[in-house]
Engineer: 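Please see the structure below; I have some questions.
What's counted below: heavy atoms across the whole structure, side chains too, no hydrogens, waters or symmetry copies.
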Amino acid sequence: MNTTPSSILHSTSTTASDRPKSYQDQPQVDATKRVRAAGQRALVLGGGGSTGNAWLIGVIAGLFEAGLDVTDADLVIGTSAGSTAAAQIAGAPPGELLAAILAAVPQQRTGPVGSDGGRVPIRAAADHMERTGAIIAAAEDAADMRRRMGAAALEMDAASDGSGQTRWRATVAARLPSQLWPQRRTLVTAVDASTGEPVVFDRHSGVDLVDAVAASCASGFAYRIGDRRYIDGGYRSNAENADLAAGYARVLVLSPFGGRTRTPVDWGMHLATQIDELRARGSRVETIFPDSNSEHMFGANAMDLSLRPPAARAGYNQGRALAEELTEFWR
C-alpha cells in the first residue's frame, strides 16, 4: 500500500461468570499476567474523550457500511473512551450506534470526570490538563508518573463524599448496549491508583464490564472496584496501548489523538514506538488518525459534547473512504 506522510491512513508494514456476585470475594486478575493468545486480527481503540468516542464509532460505522466489518477482530483493545467504544460495538451494530450519536439532543460543553464522579465545566477541564501536565513534567519516568497521577486522584477523592462513584457507574452503564463481557477477547486498560501499576481487565478478571469501562475512563478521580481504586487507562502506556496486540498478525489502530502523547519521547510511550515494536515482532500495522479538517475537535476540545455529532460524521466519512484500501489488509 502506497502512502505519503500526509496520508490519513498510515501504513506500517465463557466459562467465567459475566457478572460476579461479590467483588470482595473474587480477585481482580490482571489479564496481562495470563499467557497471551496470539491471533490474526487485533483492533485497537484509543482514548480521546467524548469526541474521540464519537469519531471511533463513526470510523467503524463507515467501514462497515462500505463492506468492511472490523468488529469481527480476534482481539479488541479499548482505552478510556476507546474502552466505551469496544463495549458498544460488541452490543449493537455500528450503524445503530452512529445513528444514536447523530440523533442525540445537543448538550452543554463539559470536562472530564470530577472527584465526585460528575462532569466538570470546561474551565475546570483546562485546570485538570494543567495539573496533570505539571505531574508529567515533575515525574522521572512513566512509572513515577502513574504513581503521582494515582496519588493525586486519591487525594481528590479523600475530599469528596464518595457519592459520585454511583453516579459515574450509572452514566457509563447507560452508554453500553449490553453490560455483559463480549465472548471475543476484549481488553480494557486501567492503572491501580495506589501502586501506579498498569492493569488490564478482561472477562476472566472477576470485574463487571461496566466497572472495567468506568475505571478506564476515570480521568480526574479514582474509581473503586472492590477494595482497589483505578485511574484512566490512558496513563498505562499511552492513549492506545497498542503493545497489548503483540503476537497478532494484523493490527488496526484507531487513534483520535492522532498518535500524540503528552509524555517525553524517551519514556517509550509514543504510539510510533509501540508500532515499531509490533513490526519487529512480525505484525502488519495500519493506523487511522482524524483528518486535518477534524483535528480541532480533539485534544483541548475532546470533552465538548456539542462536537460529538460532527466528530462522528467526520469518522464515518473517513471510514467509508478508507474501506477499500483496508480490505486486503484486514481480510
Side-chain angles (χ1 to χ4, degrees), residues 1-13 43-66 68 70 78-82 84-85 94 97-98 101-102 104 106 109 111-112 122 125-126 129 133 219 234 238-242 251-265 269-276 278-279 284-330:
M1 185 181 298
N2 295 323
T3 61
T4 66
S6 61
S7 297
I8 301 308
L9 173 64
H10 301 263
S11 175
T12 64
S13 258
L43 176 64
V44 180
L45 304 177
S50 183
T51 59
N53 170 264
W55 179 82
L56 290 169
I57 295 300
V59 172
I60 294 169
L63 291 170
F64 186 86
E65 184 165 313
L68 182 59
V70 296
T79 295
S80 197
T84 305
L97 296 170
L98 174 64
I101 295 172
L102 298 180
R109 299 175 67 194
I122 287 294
M129 294 294 288
S219 177
N238 61 14
E240 296 81 22
N241 290 296
V251 181
L252 177 61
V253 182
L254 275 57
S255 173
F257 283 150
R260 298 185 301 274
T261 180
R262 300 165 67 198
T263 60
V265 175
M269 297 177 70
H270 285 61
L271 176 60
T273 300
Q274 296 192 355
I275 289 176
D276 287 344
L278 288 171
R279 293 181 64 198
R284 294 175 60 195
V285 183
E286 298 281 359
T287 67
I288 304 178
F289 298 159
D291 60 29
S292 58
N293 294 324
S294 58
E295 288 178 338
H296 68 282
M297 293 185 282
F298 308 97
N301 294 318
M303 301 313 302
D304 186 343
L305 298 182
S306 70
L307 291 177
R308 277 178 59 78
R313 284 191 289 269
Y316 173 80
N317 290 335
Q318 284 187 256
R320 283 187 58 86
L322 295 171
E324 183 176 355
E325 193 174 355
L326 279 169
T327 296
E328 184 277 331
F329 162 77
W330 191 251

Engineer: Would you name the heavy atoms of D304 and T51 that are closest together and state the gap between them?
Structural biologist: O-CG2, 3.6 Å
Engineer: Can any side-chain N or O of R308 pair as donor or acceptor with the backbone N or O of I101 at less than 3.5 Å?
Structural biologist: no
Engineer: Let me confirm one number: the CG-CG distance from L68 to L252, rounded to the nearest 0.5 Å.
Structural biologist: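 Reported to 0.5 Å precision, the distance equals 8.0 Å.
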Engineer: How many angstroms lie between atom CG of L45 and atom CG of N53, to the nearest 0.5 angstrom?
Structural biologist: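 The CG atom of L45 sits 9.5 Å away from the CG atom of N53.
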Engineer: Over all heavy atoms of both residues, which pair between A85 and L56 is shortest? Give the atoms and the distance, please.
Structural biologist: CB-CD1, 4.1 Å
Engineer: For A323, is there any backbone N or O sitting under 3.5 Å from a side-chain donor or acceptor partner on T327?
Structural biologist: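 Between the backbone of A323 and the side chain of T327 there is a qualifying donor-acceptor contact (under 3.5 Å).
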Engineer: What verdict does the side-chain hydrogen bond (donor to acceptor under 3.5 Å, both in side chains) test give for S294 and D291, after you've listed the backbone C-alpha separation in whole Å, the side-chain angles of each residue and the deciding distance to 0.1 Å?
Structural biologist: CA-CA 6 Å; S294 58; D291 60 29; 2.9 Å; yes
Engineer: Can you tell me how far CE of M269 sits from OG1 of T261, rounded to the nearest 0.5 angstrom?
Structural biologist: 5.5 Å
Engineer: Could you report the tightest heavy-atom contact between I288 and W55, atom names first, then the distance?
Structural biologist: O-CH2, 3.3 Å
Engineer: Within the 4.5 Å heavy-atom criterion, are V285 and V253 side-chain neighbours or not?
Structural biologist: yes
Engineer: For the residue pair G46 and P256, what are the closest heavy atoms and their distance?
Structural biologist: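 So the minimum-distance heavy-atom pair works out to O-CD, 3.7 Å.
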Engineer: Considering non-hydrogen atoms only, spot the tightest contact between A314 and M297 and give its length.
Structural biologist: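 Taking every non-hydrogen atom into account, CB-CE, 4.1 Å.
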Engineer: With a 4.5 Å limit on heavy-atom distance, are the side chains of W330 and E286 in contact?
Structural biologist: no
Engineer: Please confirm whether the backbone N or O of A242 pairs with a side-chain atom of Q274, one donor and one acceptor, at under 3.5 Å?
Structural biologist: yes
Engineer: List in chain and number order the residues that pass salt bridge (charged side-chain N to carboxylate O under 4.0 Å, His left out) with R313, two or more places apart in sequence or in another chain; answer none if no residue qualifies.
Structural biologist: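 By the salt bridge (charged side-chain N to carboxylate O under 4.0 Å, His left out) rule, R313 matches no residue at all.
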Engineer: Less than 4.5 Å apart, any side-chain heavy atom of H270 and any of N238?
Structural biologist: no
Engineer: Could you name each residue pair satisfying salt bridge (charged side-chain N to carboxylate O under 4.0 Å, His left out) that touches residues 252-261, not counting sequence neighbours?
Structural biologist: none
Engineer: Is any side-chain heavy atom of N241 closer than 4.5 Å to one of V44?
Structural biologist: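 A side-chain contact under 4.5 Å is absent here.
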Engineer: Return the CD1 to CG distance between I57 and L97, rounded to the nearest 0.5 Å.
Structural biologist: 5.0 Å
Engineer: Examine distances only and state if a side-chain atom of E240 and a backbone atom of F257 form a donor-acceptor pair shorter than 3.5 Å.
Structural biologist: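 It does not hold such a pair.
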Engineer: Does F289 form a side chain to side chain contact (heavy atoms under 4.5 Å, CB included) with L271? I'd like the steps, not just the answer.
Structural biologist: CA-CA 12 Å; F289 298 159; L271 176 60; 3.9 Å; yes
Engineer: Looking at residues at least two apart in the chain, or sitting in another chain, which of them share a side chain to side chain donor-acceptor pair (under 3.5 Å) with E295?
Structural biologist: none
Engineer: If I compare all heavy atoms of L98 with all of A312, which pair ends up nearest, and what's the gap?
Structural biologist: CD1-CB, 3.7 Å
